[in-house]
Protein chains: 2
Amino acid sequence: MHTYRDLALHILKDKGLRITKPRRLVVDVLDKAEQALSAYDIKDLLSEQGEKVDTVSIYRIIECLEANQLVHRILTTGKVRKCQLEHEDHCQLERSNHCHHLLICQKCGDIEEIHCLGLTTVIKDVEKESHFKVREHNLEFLGLCAKCA
Amino acid sequence: MHTYRDLALHILKDKGLRITKPRRLVVDVLDKAEQALSAYDIKDLLSEQGEKVDTVSIYRIIECLEANQLVHRILTTGKVRKCQLEHEDHCQLERSNHCHHLLICQKCGDIEEIHCLGLTTVIKDVEKESHFKVREHNLEFLGLCAKCA
DNA sequence: TTCACTGCAAACCTTTTGCAATTCT
DNA sequence: AGAATTGCAAAAGGTTTGCAGTGAA
């Protein structure tokens, strides 16, 4: 069973980063959460379970996770959420070019991650019409999830 | 000649809002700027031309302009930029449902605004595949503009 | 043992709030 | 005149920096 937790820590280790207690705790919290979390959200959740990690460290751990593509950042809130690693190869190269979009439920806050579909056509059209070279894109959808609709 | 400045102030007036000196100054700065600006960017630009508007007022003016769809907010930075009003009807109803996407140049910072093309197809696909009801979307492209490419 | 990482203190930057003074209409 | 808007002071919130101490490999 490869959980997010195991995979994430494994990927960090592979890159020569250290598996410290604060890092394990933060990854644990992210693994359990369905919603996106801010640094303070994480701090509060840890407090609830009797663990204390300094806010500054949480910021740095988030930064590290983001740099290694283990969390997504929600554009509109700046909060982060675990990436879906389950369906992916663990291979570094394979992971790097994946493109995800988020479906954010405005009612329950749950976030679903979908893979790029059809957007490449849009991008080609944009490039053709505007002579703009697209290198990155940010796309997120807000609405109602299957449960709340 | 309908400049952004004239149109924006006209729209505010139509809604019963007052055309004050600080509002005129901020709209002026936004009109001249090609890049997106933060509240402090605006404050600094005003200082350069010898005008002083309180930071808090700038925040409130931006809020007002955003509420009336006269500025776009860049997702990744929170900065704002004038909307393209030139090609649009001034009619309230016509303006309300327009959907824009931004092309942000990573080199010179210039921002181009394009109208929704092809994304509706993507949204329909997403809704079909995921049972998620899309109500809003955020999409911006980062890359190189025609000049910088 | 060594170097990456954490914790603490403090600074910094951004944004918000309350209220009195101002100024559009 | 009357109401909307601004400016000021202050607080609140979020994020970053520097450095000494700790702990993973």
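Every value quoted in this text rests on a predicted model; they were computed, and no experiment measured them. Note on naming: letters A, B, ... go to the chains in the order of the sequence lines (proteins, then strands), and numbering restarts at 1 for each one.
For A/R18, the listed nucleotide lying nearest its side chain is C/dT2; candidates were D/dT6, C/dT2, D/dC8. Distance from the side chain of A/K13 is smallest to D/dA25 among D/dA25, D/dT5, C/dG7. Distance from the side chain of A/P22 is smallest for C/dG7 among the nucleotides C/dG7, D/dA25, D/dT5. The side chain of A/Y40 sits closest to D/dT15 out of C/dC5, D/dG2, D/dT15. Taking every side-chain heavy atom of A/I19 into account, D/dA25 is the closest of C/dT14, D/dA25, C/dT25.
When the side-chain nitrogen and oxygen atoms of B/S57 are compared with OP1 and OP2 of D/dG7, one or more of them lie within a distance under 4.0 Å. B/T20 has no side-chain polar atom (N or O) that falls below the 4.0 Å cut-off from OP1 or OP2 of C/dC24.
In this structure, B/R24 and B/S38 both approach DNA chain C, and ranking their closest nucleotides by distance from the 5' end singles out B/S38. Annotation: of the two residues near DNA chain D, A/T77 and A/K21, the 5′-most nearest-nucleotide partner is A/T77. The residue among B/Y59 and A/R60 whose nearest nucleotide of DNA chain C lies closer to the 5′ end is A/R60.
Put simply, CD1 on A/I61 is 17 Å from P on C/dA4, counting in whole angstrom units. Taking atom CG of residue B/L12 and atom P of nucleotide C/dC24, one finds them 15 Å apart after rounding to whole Å. Atom CD1 in B/I62 sits roughly 12 Å away from atom C1' in C/dT14 (whole-Å rounding). The CG atom of B/L46 sits 10 Å away from the P atom of D/dG7 (whole-angstrom rounding). Straight-line distance from the CZ atom of B/R23 to the C1' atom of D/dA4: 8 Å, rounded to whole Å. If you measure from atom NZ of B/K43 to atom C1' of C/dC13, you get 14 Å, rounded to the nearest angstrom. As a whole-Å value, the separation of B/E66 CD from C/dT15 C1' is 14 Å. The CG atom of B/L25 sits 15 Å away from the C1' atom of D/dG7 (whole-angstrom rounding).
Closest heavy-atom contact between A/E113 and A/C83: OE1-CA, 3.6 Å. Minimum interatomic distance between B/L119 and A/V122 (heavy atoms only, all atoms of both residues): N-CG2, 4.3 Å.
A donor-acceptor contact under 3.5 angstrom links the side chains of A/D41 and A/S38, judged on distance only. A donor and an acceptor atom, one from each side chain of A/Q84 and A/H100, are nowhere located under 3.5 Å apart. When only modelled atom types and interatomic distance are considered, B/E112 and A/S130 share no side-chain donor-acceptor pair under 3.5 Å.
Judged by distance alone, with hydrogens and angles left aside, the side-chain atoms of B/K43 form a donor-acceptor pair with the main-chain N or O of B/V53 at under 3.5 Å. With A/D54 contributing its side chain and A/V56 its backbone, the two residues share a donor-acceptor pair below 3.5 Å.
The C1' atoms of five pairs define one axis at each end of the helix from C/dT1-D/dA25 to C/dT25-D/dA1, and these two axes lie 40° apart (to 10°).
Rounded to the nearest 0.5 angstrom, B/T76 OG1 and A/E136 CD are separated by 9.0 Å.
Counting non-hydrogen atoms under 4.0 angstrom, A/K52 reaches the backbone sugars and phosphates but no base.
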